[in-house]
There are 2 protein chains.
Amino acid sequence: MTEQRLQARTAPTTETALEVLEAGIDAERLTTIFGRCRVEYDGRAASSLDWGHRLVVLKPDGTILVHTDSGQKPVNWQPPGCTHDGHLVDGQLHVRSVRSTPDEELLVVFEQVDQISTYDGTGESDVVVTGTEADLRDRILDDPDLVEPGFEPRATERDTSAGAVDIYGTDSDDSAVAVELKRRRVGPDAVSQLNRYVEALGSELHAERTIRGILVAPSVTDRAQELLDRRGLEFVSLSPDPE
Amino acid sequence: MTEQRLQARTAPTTETALEVLEAGIDAERLTTIFGRCRVEYDGRAASSLDWGHRLVVLKPDGTILVHTDSGQKPVNWQPPGCTHDGHLVDGQLHVRSVRSTPDEELLVVFEQVDQISTYDGTGESDVVVTGTEADLRDRILDDPDLVEPGFEPRATERDTSAGAVDIYGTDSDDSAVAVELKRRRVGPDAVSQLNRYVEALGSELHAERTIRGILVAPSVTDRAQELLDRRGLEFVSLSPDPE
DNA sequence: CACTCTATCTCGGCT
DNA sequence: AGCCGAGGTAGAGTG
């Protein structure tokens with residue numbers, strides 16, 4: 001039998017839809033189903049979705065997505081690692097996706113299947129992203145003066161009891177400096193994060209040693225700035241990309 | 001012309017694919033394209049994705065998703081509110097999606113289209129989710145003793161200079177209590193969040209008044225527990241769903 | 001629009 | 001498997 005890259009049936013009987021679905025699951029193909037369905041989910045949370053015309057996507061890695069005609073996020077889903085299977089119940093196509101740890105189950109009941117397609121997609125795909133926190137870190141390691149003149153990075157991801165400091169180093173007075181990096185404008189959470197690291201360093205280094213905390217990000221919100229001031233922490237404006 | 005719920009072409013010419021795409025965009029239909037494509041993105045970050053066989057989904061609200069055969073998240077996307085359009089360039093189908101604030105652009109170049117389908121999906125869909133933080137809050141408001149005997153909620157989302165406290169109330173000694181709710185097991189970030197609220201209340205209420213902070217969640221990590229101890233904050237184990 | 005916070009967050013890295 | 005933090009987080013709510 002010839003393996004076509006794409007197999008599709010428009011307005012199939014439920015029996016045909018089930019055949020195509022099972023063949024797609026067996027052959028580890030990317031599968032889409034257009035149809036009128038309802039969805040039940042139970043797991044970390046629980047949800048119920050009433051009848052409607054939607055797009056369901058099944059992936060060979062065990063992902064299932066239920067998309068309506070709006071929103072970037074699927075209205076219901078199951079993450080990679082799930083087991084998919086289809087059944088006919090009262091003439092309706094049931095698509096079930098289950099996993100354990102945690103126990104989760106998603107059931108899609110199709111009243112009507114308008115189209116089912118299976119596709120031999122490309123596996124590995126290496127998307128190259130720039131403008132990340134790693135780019136910001138590399139920018140600083142290349143030119144530490146961007147933080148402040150005399151700053152000398154000593155370690156990245158330096159461990160403390162509160163977690164890893166993005167960049168740990170010293171200033172021109174040889175004081176310890178903890179630098180927390182954010183690729184975009186930050187709110188209070190980032191300040192708290194930096195503060196946890198500075199506190200942890202304070203109880204782990206020699207007590208008399210000064211520890212400075214510097215938040216490096218393109219900008220901060222007002223509330224984050226207040227929190228920086230209150231904590232005696234500093235802010236340096238810097239973006240991942242040289243502008 | 002009859003409006004079919006589903007329109008599809010398998011192995012179309014690029015010209016036909018463009019026609020179907022433009023008709024789908026015009027008619028605000030959910031559109032899927034299977035084909036071999038590459039993707040360029042530039043906006044908040046930037047990325048490049050090499051050639052591969054993928055599924056592209058366009059929604060009438062301006063969302064576009066590029067899915068490979070693995071992963072729950074699209075490998076590239078554009079959020080709702082974008083403007084889509086298609087063009088033929090050197091015989092290849094280009095699908096472009098742009099928006100402003102922030103300026104972002106996504107370009108999908110198809111070397112080959114294996115199938116294009118447009119679908120009249122259902123608009124509004126009211127998914128009912130349970131097991132959320134709101135359920136946990138309601139559980140406590142129904143029976144405040146779940147936090148501790150004598151706890152009396154006074155306000156939800158009570159504003160402070162550091163943000164809104166999930167539940168603000170008093171204990172049996174009439175001390176102020178700030179309760180932070182989490183629907184699942186929490187790490188250090190939730191403790192810092194609670195701590196910010198407790199500190200803010202400390203500087204906003206009468207200075208001599210005791211302010212307790214209680215984190216309510218199913219469980220906490222070791223590091224979060226250490227942080228709770230260090231900050232003098234408390235933890236009460238409770239789930240959104242009565243088990 | 002910006003800010004804040006939740007989420008069945010997802011994802012990757014590390015232990 | 002759990003913990004931790006990044007993310008083009010998305011999405012909701014509010015000012």
Side-chain angles (χ1 to χ4, degrees), chain A residues 39 41-47 63-66 70-82 97 99-106 127 129-134 136-137 157 159-160 162-166 180-190 193 196-197 219-224 240-241, chain B residues 41-47 63 65 70-81 99-106 127 129-134 136-137 157 159-160 162-166 180-190 193 196-197 219-224 240:
Chain A
V39 187
Y41 156 73
D42 193 21
R44 286 164 290 177
S47 75
T63 300
I64 184 168
L65 311 170
V66 181
S70 68
Q72 178 186 332
K73 285 183 57 178
V75 64
N76 276 113
W77 70 91
Q78 202 73 294
C82 296
S97 172
R99 69 161 174 160
S100 47
T101 51
D103 275 328
E104 293 199 294
E105 181 174 332
L106 184 76
V127 59
V129 185
T130 61
T132 65
E133 183 179 301
L136 178 56
R137 180 199 61 212
E157 299 300 316
D159 249 347
T160 74
V165 178
D166 284 338
E180 174 63 28
L181 307 173
K182 293 295 171 190
R183 65 169 300 279
R184 59 172 204 174
R185 184 174 175 84
V186 297
D189 54 338
Q193 194 182 341
R196 292 202 300 273
Y197 301 151
S219 59
V220 296
T221 66
D222 288 351
R223 201 169 267 173
D241 304 298
Chain B
Y41 155 75
D42 193 20
R44 286 166 292 177
S47 75
T63 300
L65 311 170
S70 68
Q72 177 182 333
K73 287 184 55 178
V75 65
N76 275 114
W77 70 91
Q78 204 71 295
R99 68 160 174 163
S100 46
T101 50
D103 274 329
E104 294 199 294
E105 179 174 333
L106 184 77
V127 59
V129 185
T130 61
T132 65
E133 184 178 303
L136 177 56
R137 179 198 62 212
E157 300 299 315
D159 248 346
T160 74
V165 178
D166 284 337
E180 174 62 28
L181 307 172
K182 294 294 171 188
R183 64 172 297 279
R184 61 169 206 172
R185 183 173 176 85
V186 297
D189 54 336
Q193 193 181 343
R196 292 202 302 271
Y197 301 151
S219 59
V220 296
T221 66
D222 289 351
R223 201 170 269 173

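It should be emphasised that the depicted structure is a prediction, and the values quoted were computed from it without experimental measurement. All chains are named by letter (A, B, ...) in the order of the sequence lines, taking the proteins before the strands, and each is independently numbered beginning at 1.
Between C/dC14 and D/dG8, the two C1' atoms lie 25 Å apart (nearest whole Å). Comparing the same atom, P, in C/dT8 and in C/dT4 gives a spacing of 23 Å after rounding to whole Å.
Residue-to-nucleotide proximity on DNA chain D shows that, of B/Ser47 and B/Val220, the 5′-proximal contact is made by B/Val220. With DNA chain C read from its 5' end, the first of the two nearest nucleotides for B/Glu133 and B/Ser100 is the one closest to B/Ser100. If B/Ser70 and A/Gly187 are placed on DNA chain C by their nearest nucleotide, the residue sitting closer to the 5' end is A/Gly187.
With no hydrogens or angles considered, a side-chain donor-acceptor pair links A/Asn76 and A/Ser47 at under 3.5 Å. When only modelled atom types and interatomic distance are considered, B/Glu104 and B/Tyr41 share a side-chain donor-acceptor pair under 3.5 Å. B/Arg185 and B/Ser219 form a side-chain donor-acceptor contact under 3.5 Å, judged by distance and modelled atom types alone.
Listed candidates were C/dT6, D/dA6, C/dA7. Nearest to the side chain of B/Gln193 is C/dT6. Closest to the side chain of B/Arg185, from the set D/dG2, C/dA2, D/dG8, is D/dG2.
Dashed line: the shortest gap from a side-chain N or O of B/Thr221 to OP1 or OP2 of D/dC4 is under 4.0 Å. Applying the 4.0 Å criterion to OP1 and OP2 of C/dT4, one finds that B/Tyr197 has every side-chain N and O outside that range. Regarding contacts with the backbone of C/dC9, every side-chain N or O of A/Lys73 stays at 4.0 angstrom or more from both OP1 and OP2. Checking the phosphate oxygens (OP1, OP2) of C/dC9, a side-chain nitrogen or oxygen of A/Arg44 falls inside 4.0 Å. Taking 4.0 angstrom as the limit, B/Arg196 places none of its side-chain polar atoms (N or O) nearer than this to OP1 or OP2 of C/dT4. Note on B/Arg184: every side-chain N or O is 4.0 Å or more away from OP1 and OP2 of C/dA7. At the phosphate of C/dC1, OP1 or OP2 sits under 4.0 Å from a side-chain N or O atom of B/Thr101. Within the structure, every side-chain polar atom (N or O) of B/Trp77 is placed at least 4.0 Å from both OP1 and OP2 of D/dT9.
To the nearest 0.5 angstrom, A/Glu180 atom CD is 9.0 Å from A/Arg196 atom CZ. The structure places CG of B/Leu136 at 9.5 Å from CZ of B/Arg183, a figure rounded to the nearest 0.5 Å.
Among the atoms of the strands shown, none is found under 4.0 Å from any heavy atom of B/Asp222. Residue-level contact check: A/Gly71 touches the backbone only, with heavy atoms under 4.0 Å from sugar-phosphate atoms and none from bases. Within 4.0 Å of A/Pro188, counting heavy atoms only, lie sugar-phosphate atoms of the nucleic acid but no base atom. Counting any heavy atom pair closer than 4.0 Å across all strands shown, B/Ala162 reaches sugar-phosphate atoms only and no base atom. A/Gly43 comes within contact range of no nucleotide atom at all, as no heavy-atom separation falls under 4.0 Å. The residue B/Pro79 sits close to a base: some heavy atom pair falls under 4.0 Å. Within 4.0 Å (heavy atoms only), A/Glu180 reaches sugar-phosphate atoms of the nucleic acid but no base atom.
The CZ atom of A/Arg137 sits 12 Å away from the P atom of D/dA6 (whole-angstrom rounding). For the pair A/Leu65 CG and D/dA10 P, the computed distance is 16 Å after rounding to whole Å. In this structure, A/Gln78 atom CD and C/dC11 atom P are separated by 13 Å, rounded to whole Å. Rounded to whole Å, atom P of D/dT14 lies 14 Å from atom CG of B/Asp166. Atom pair B/Gln72:CD and D/dG7:C1' shows a separation of 14 Å (rounding to whole Å applied). In this structure, B/Glu104 places its CD atom 8 Å from P of D/dA10, rounding to the nearest Å. Separating the CG atom of A/Asp103 from the C1' atom of D/dA1 is a distance of 15 Å, rounded to the nearest angstrom. Taking atom CZ of residue B/Arg183 and atom C1' of nucleotide C/dA7, one finds them 7 Å apart after rounding to whole Å.
The base of C/dT8 does not come close enough to the side chain of A/Asp42 for any donor and acceptor atom to sit less than 3.5 Å apart. One cannot find a donor-acceptor pair under 3.5 Å joining the base of D/dG5 and the side-chain atoms of B/Asp189. Side chain B/Glu157 to base D/dG13: no donor-acceptor pair is found below 3.5 Å.
A donor-acceptor contact shorter than 3.5 Å is absent between the side chain of A/Arg223 and the backbone of A/Gly187.
Taking the side chain as every heavy atom from C-beta outward, A/Pro240 and A/Thr132 never approach each other to under 4.5 Å.
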